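Right, one structure below, let's go through it.
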Number of protein chains: 2
Amino acid sequence: MAMCERTCIHQDVVEAVRERMPPDARLDDVAELFKVFGDTTRIKIVSALFESEMCVCDIACLLQMSQSAISHQLRVLKQAGLVKYVRQGKTVYYSLNDDHIKRIFDQGYSHVTEE
Amino acid sequence: MAMCERTCIHQDVVEAVRERMPPDARLDDVAELFKVFGDTTRIKIVSALFESEMCVCDIACLLQMSQSAISHQLRVLKQAGLVKYVRQGKTVYYSLNDDHIKRIFDQGYSHVTEE
DNA sequence: TAAATATATGAATGTGTGTTCATATATAGA
DNA sequence: TCTATATATGAACACACATTCATATATTTA
């Protein structure tokens, strides 16, 4: 049985880190946010919306995926507060909610390209 | 049956967006990276390592989780190239690989706090 | 060399999630 | 009002994944 599951090795370090870390709830929110970006389909939708607002139909066409799959993922993006939409007759146009999203994406993008 | 799964509504928009979007492989990499950040345990480990390098034992102690669970997640972080480690006797000290990680985290963090 | 400790890892399990399929809803036009 | 089209959504299914459990490996110390 492992000793270290009950006792820390460096109590002082652990205490210091614990005090300086953000509260758990905050970190959970951060993970939740990144999780939304952590899907191929969703990141492609976001990437597309950087260029132009788009209707569901066109996104499905662009990504060669079913309309249903796109709708479901747009729902996730909407619930995360990343996209907004405007209805115009039969079609619904989606766009990004703010440009902070672009900054988050760019940081990730530059990380994978700088290698 | 939906018409829009075969035909785009705005061909011109779709074409323009397609041309300006990054290649699929790149976007897959970006999603993969964000997915690593998109887990509560991993984001807490990363957040802890911002403060100090730490051994597996202390991380487990800090997060009140099993040593095994932490080891498994450190493996994921290592495979993603986010952490490095140094062995010192029986203990292994993990630390962040570069400070780009901090910038990515900060963007996500400020997004969830600015609400 | 034997015992203790820190870490790593494979298998199993339960849970989460993305897509599909079928269908419902909403709007426009005939 | 009936039909066509664009979108939304619930259920089902397959797959991914995080943790646990048992155990292996590595290193130190007695």
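Values in this document were obtained by computation on a predicted structure and should not be read as measured data. Naming convention: chains lettered A, B, ... in sequence-line order (proteins, then strands); numbering from 1 in each chain.
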Hey, is the side chain of [X] poking within less than 4.0 Å of OP1 or OP2 on [N], counting only N and O atoms?
X       : N      : value
B:Tyr94 : C:dA6  : no
A:Ser66 : C:dT20 : yes
B:Ser71 : C:dT9  : no

Inter-residue atom distance [X].[atom1] - [Y].[atom2], 0.5 Å rounding:
X        : Y       : atom1 : atom2 : result
B:Thr113 : A:Arg26 : OG1   : CZ    : 6.0 Å
A:Ile9   : B:Thr91 : CD1   : OG1   : 6.0 Å
A:Lys102 : A:Ser47 : NZ    : OG    : 7.5 Å
B:Met54  : B:Ile59 : CE    : CD1   : 6.5 Å
B:Leu27  : A:Ile43 : CG    : CD1   : 7.0 Å

Whole-Å distance separating the [atom1] atom of [X] from the [atom2] atom of [N]:
X       : N      : atom1 : atom2 : answer
A:Asp58 : D:dA6  : CG    : P     : 10 Å
B:Leu74 : D:dT19 : CG    : C1'   : 14 Å
B:Met65 : C:dT7  : CE    : P     : 15 Å
B:Tyr93 : C:dT7  : OH    : P     : 8 Å
B:Arg75 : C:dA8  : CZ    : C1'   : 9 Å
B:Leu63 : D:dT19 : CG    : P     : 10 Å
B:Gln73 : D:dC17 : CD    : P     : 11 Å
A:Leu77 : D:dA8  : CG    : C1'   : 15 Å

Going by the rule ring pair (Phe, Tyr, Trp, His ring centres under 6.0 Å), which residues pair with B:Phe34 if we only count those two or more places apart in sequence or in a different chain?
A:Phe34, A:Phe37
Apply ring pair (Phe, Tyr, Trp, His ring centres under 6.0 Å) to B:Tyr109 and list each qualifying residue two or more places apart in sequence or on a separate chain.
B:Phe105
Could you check which of D:dA18, C:dA8, D:dA8 has an atom nearest any side-chain atom of B:Arg42?
D:dA18
Near-strand residues of residues 43-55 of chain B, defined as heavy-atom separation under 4.0 angstrom from DNA chain C
B:Cys55
Quick one: on DNA chain D, does A:Thr91 or A:Lys78 contact a more 5' nucleotide (nearest heavy atom)?
A:Thr91
Suppose the criterion is salt bridge (Lys or Arg N to Asp or Glu O under 4.0 Å): which pairs have a residue in residues 42-52 of chain B, not counting sequence neighbours?
A:Arg20-B:Glu51, A:Asp24-B:Lys44, A:Asp28-B:Lys44
Would you give a per-nucleotide map of nucleotides 21-30 of chain D, 5' to 3', where B means the base has a protein non-hydrogen atom under 4.0 Å away, S means only the sugar-phosphate does, and - means neither?
B-----BS--
With sequence neighbours excluded, what pairs up with B:His10 under the side-chain hydrogen bond (donor to acceptor under 3.5 Å, both in side chains) test?
A:Asp58, A:Tyr93
Taking atom OH of A:Tyr85 as the centre, report whether more than 12 heavy atoms of other residues, nucleotides or ligands fall under 6.0 Å from it.
no
Scan A:Lys35 against the nucleic acid and name what it touches under 4.0 Å (heavy atoms): base, sugar-phosphate only, or nothing.
sugar-phosphate
Could you check whether B:Tyr85 gets within reach of a base, just the sugar-phosphate, or nothing at all, counting any heavy atom under 4.0 Å?
nothing
